[in-house]
Amino acid sequence: MVSKKSIKSMSLRKKMIMAFCLPTILLFLVNMMLYLGTTRVLNSLDVVYSSNNALNQLNTALESLQNATEGYLNTKTSDALEQYYIREQEYSDMLVALDDNKDDNENRVMERNIRHMSQNYLELTNQAVESKRGGNVEKYKNIYEEATRTFSYIESSINSLNNKQFVNNSKSYGAMMAALQTIERLNIITLVIIGLANLAFVVLIASTIAGPLVRLAATADSVSKGDFDVPLPPVRSNDEVGVVTGAFNKMVISIKDYIAKLTESMEATRKLRENELIMENHVKDAELKYLQSQINPHFLFNTLNAGAQLAMMEGADRTSNYIQRVADFFRYNIKKNKDVVTLKEEIELVDIYIYIINVRFAGEIQFTKEIDESLLDIKIPSMILQPIVENSINYGLRNIEWAKKIKLSVYELGDYVCISVKDNGAGIEKETLDKILNGSFVSNPNKSDSNGVGLNNCIERLNIFYERDDVLDIISEGKDKGTETILYLPK
């Protein structure tokens, strides 16, 4: 069974809903009435002054036509003639709106006179223009003077009629404004009545609902600012406000517990991440040191052997120069066995390497450079360019029968510095090229002419140094089509 208290409670809710809805509905109706009344008055105002607007537009069109006529008579250009015909047509279209009536009303008579004078004016301007086009100077001047006098009469008549209509329209405007003011006064009175009713309604419910809601709102405001230690509002009833207050209190307690656990978890995660970063740095450093240490002694032996052969064949000066270049090459390997060097230093190493190789290959390697000098100070990992050039010689140029060419280019492309090593050698098939780029290609370990730092080594070091996988790209159109290796280095 439903208790009497519940029945009273339900009845009170219905009364409160009715007390709230009725003033709202009444306010809506009053505002709709005001809106509709205002709309009608505004539409009437548009109608009231439409005649004045039409006369103003007619006067503007008349002035434009007079200026266009004068402009053509003074210049006699095709553009001026075109402007005249446009203005003539505009003014003719507006004359149609004038009432060609038989009414004896003063305003109607003036409208009729304006229309007739305008038709005469159009004929005069047309005759003046045609006379000008025909070269009859005396005729078009006389006609234009008569057209100008007619223009003055028309303009004066339009202004006079406009003033008279404005006086009449102002009277109508006053009556409409008086009606609008009456509507506004009725609306103000109604709003005052509705406001008093709403005030009484607010006072009625404030004692039973507003107090707990105000306390709850104050507590919620403190919680939203991060104060979770604020005293929670007590639950003193089982109604809707009491249910909301209890749920709010439980939510605040749950949030406090969650923040405490989240803080502990974040602290543990932060420490773990710091340890991971330290380990990653150690691993990367070890990888760089390991990759940079791969120097094949075969290259040293073969190079020194070539120097000995050269010493036997010719004089000591060239042998001395050759041995000096070899010394410079290996001095760079030892001195620059650090993480970072400049691009200029790497290119100098390539020059030394090409000199050494050309001694062994009897100058067959045609090496050219195209370098933007402003880009030579950027930092790159050491021992990168020479292995790429070496790879071009060993796998591209060694066994070809045509002229052996290598070109080194350094240029700027957007946010990148591009380094290109391009040869005209044997090229690379697509399957082999894919293996090289994904790191699965295994070169011949018995090649005695390598310095031990292979292309895979360079790719791995570049990926580690720049923390990207798209630093190096290799382009080849196939067998005997040559190969181009391009580095894309961020500035």
Q. Within the side chain of K407, is there an N or O that forms a donor-acceptor pair under 3.5 Å with the backbone of T368?
A. no

Which of N463, N391, I384 passes side-chain contact (heavy atoms from CB on, under 4.5 Å) with C458? It is I384

**Prompt:** Has the side chain of S254 got a donor or acceptor atom that lies under 3.5 Å from a matching backbone atom of K250?
**Reply:** yes

Rounding to 0.5 Å, atoms OG (S78) and OH (Y72) come to a distance of 9.5 Å

Here the gap from T263 atom OG1 to Y258 atom OH, rounded to the nearest 0.5 Å, amounts to 10.0 Å

- Message: Please determine whether the number of non-hydrogen atoms from other residues, nucleotides or ligands lying under 6.0 Å from atom CD of E267 exceeds 12.
- Response: yes

Residues passing the side-chain contact (heavy atoms from CB on, under 4.5 Å) test with E63, sequence neighbours excluded, are N59, F151, E155

task: Verify the neighbour count for atom CG of N74: are there more than 12 heavy atoms of other residues, nucleotides or ligands below 6.0 Å?
output: yes

Next item on the list: Would you tell me whether S420 and E484 have side-chain atoms, one donor and one acceptor, within less than 3.5 Å of each other?
Entry: yes

For this session: Would you indicate whether the side-chain heavy atoms of L62 and Y121 approach each other to under 4.5 Å?
Result: yes

Those residues at least two apart in sequence (or on a different chain) that pass side-chain contact (heavy atoms from CB on, under 4.5 Å) with K491 are E412, V417

Note to self: Any non-hydrogen side-chain atom of L95 less than 4.5 Å from a side-chain atom of L58?
What the structure shows: yes

**Request:** Decide whether E123 and Q127 meet the rule of one side-chain donor and one side-chain acceptor closer than 3.5 Å.
**Result:** no

Note to self: Quick check: do V192 and I189 have side-chain heavy atoms less than 4.5 Å from each other?
What the structure shows: no

Is any side-chain heavy atom of K261 closer than 4.5 Å to one of S265? no

Exercise for the section: Kindly determine whether L385 and L487 satisfy side-chain contact (heavy atoms from CB on, under 4.5 Å), including the steps that lead there. Expected result: CA-CA 9 Å; L385 295 186; L487 303 182; 3.9 Å; yes

- T77 and D79: side-chain donor and acceptor closer than 3.5 Å? no

CE (M117) and CG (L124) are apart, to the nearest 0.5 Å, by 12.5 Å

K430/D434 salt bridge by N-O under 4.0 Å criterion: yes

Shortest non-hydrogen pair, A61 vs M94, comes out as CB-SD, 3.5 Å

**Asked** Judged by modelled atom types alone, do T69 and Y144 share a side-chain donor-acceptor pair under 3.5 Å?
**Response** no

Surrounding OH of Y153 (heavy atoms of other residues, nucleotides or ligands, distance under 6.0 Å), is the total greater than 12?
no

Distance col, row I114:CD1 vs S157:OG, nearest 0.5 angstrom, shows 5.5 Å

Answer yes or no: is there an ion pair linking E146 with R149, defined by an N-O contact shorter than 4.0 Å? no

For L433, the side-chain contact (heavy atoms from CB on, under 4.5 Å) test, sequence neighbours excluded, returns I428, L437, I474

- Stepwise, does the side-chain contact (heavy atoms from CB on, under 4.5 Å) test hold for I486 with L472? CA-CA 6 Å; I486 305 176; L472 183 142; over 6 Å; no

- Item | Expected output: side-chain Y395 to main-chain G425 donor-acceptor under 3.5 Å | no

For the pair S476 (side chain) and G427 (backbone), establish whether a donor and an acceptor sit closer than 3.5 Å, ignoring hydrogens and angles. no

Min side-chain heavy-atom separation L343-D377 under 4.5 Å: no

Handout entry: Donor-acceptor under 3.5 Å (E345 side chain, T342 main chain)
Key = yes

Non-hydrogen side-chain atoms of K132 and V129 separated by less than 4.5 Å: no

When every non-hydrogen atom of S392 is compared with those of V421, the smallest separation belongs to OG-CG1, 3.9 Å

Sequence neighbours excluded, the answer for side chain to side chain donor-acceptor pair (under 3.5 Å) partners of K379 is none

N424 and K405 have their tightest heavy-atom pair at OD1-N, 2.9 Å

| Would the number of heavy atoms belonging to other residues, nucleotides or ligands and lying under 6.0 Å from OH of Y416 be above 12? | no

Q.
Under a 3.5 Å distance rule, please check whether N142 uses its side chain to pair with a backbone N or O of E138 as donor and acceptor.
A. yes

When you compare the side chain of E88 with that of L122, does any pair of heavy atoms fall below 4.5 Å? yes

A80 and T75 have their tightest heavy-atom pair at CB-OG1, 3.5 Å

What I want to check is whether the side chains of E130 and Y140 have a donor and an acceptor closer together than 3.5 Å. no

CD of Q66 to CD1 of I154, rounded to nearest 0.5 Å, is 9.5 Å

Rounded to the nearest 0.5 Å, the CD1 atom of I419 sits from the CD1 atom of I380 at a distance of 5.0 Å

Do D423 side-chain atoms and T483 backbone N/O form a donor-acceptor pair below 3.5 Å?
yes

The side-chain contact (heavy atoms from CB on, under 4.5 Å) partners of I371 (sequence neighbours excluded) come to I347, K369, L376, V410

Would you sort out whether D93 and E90 count as a side-chain contact (heavy atoms from CB on, under 4.5 Å), showing the intermediate values? CA-CA 5 Å; D93 293 340; E90 288 178 354; 5.6 Å; no

ask   = Hey, does the side chain of D372 reach the backbone of Y411 with a donor-acceptor pair shorter than 3.5 angstrom?
value = no

request  = Give the intermediate values and the outcome of side-chain contact (heavy atoms from CB on, under 4.5 Å) for residues Y488 and L462.
outcome  = CA-CA 10 Å; Y488 296 94; L462 287 168; over 6 Å; no

Salt bridge K479-E429, side-chain N to carboxylate O under 4.0 Å: no

For K422, the side chain to side chain donor-acceptor pair (under 3.5 Å) test, sequence neighbours excluded, returns none

Neighbour count above 12 (heavy atom, 6.0 Å) for E477 CD
no

| query | Going by heavy atoms in the side chains, are I86 and Y91 under 4.5 Å from each other? | reply | no

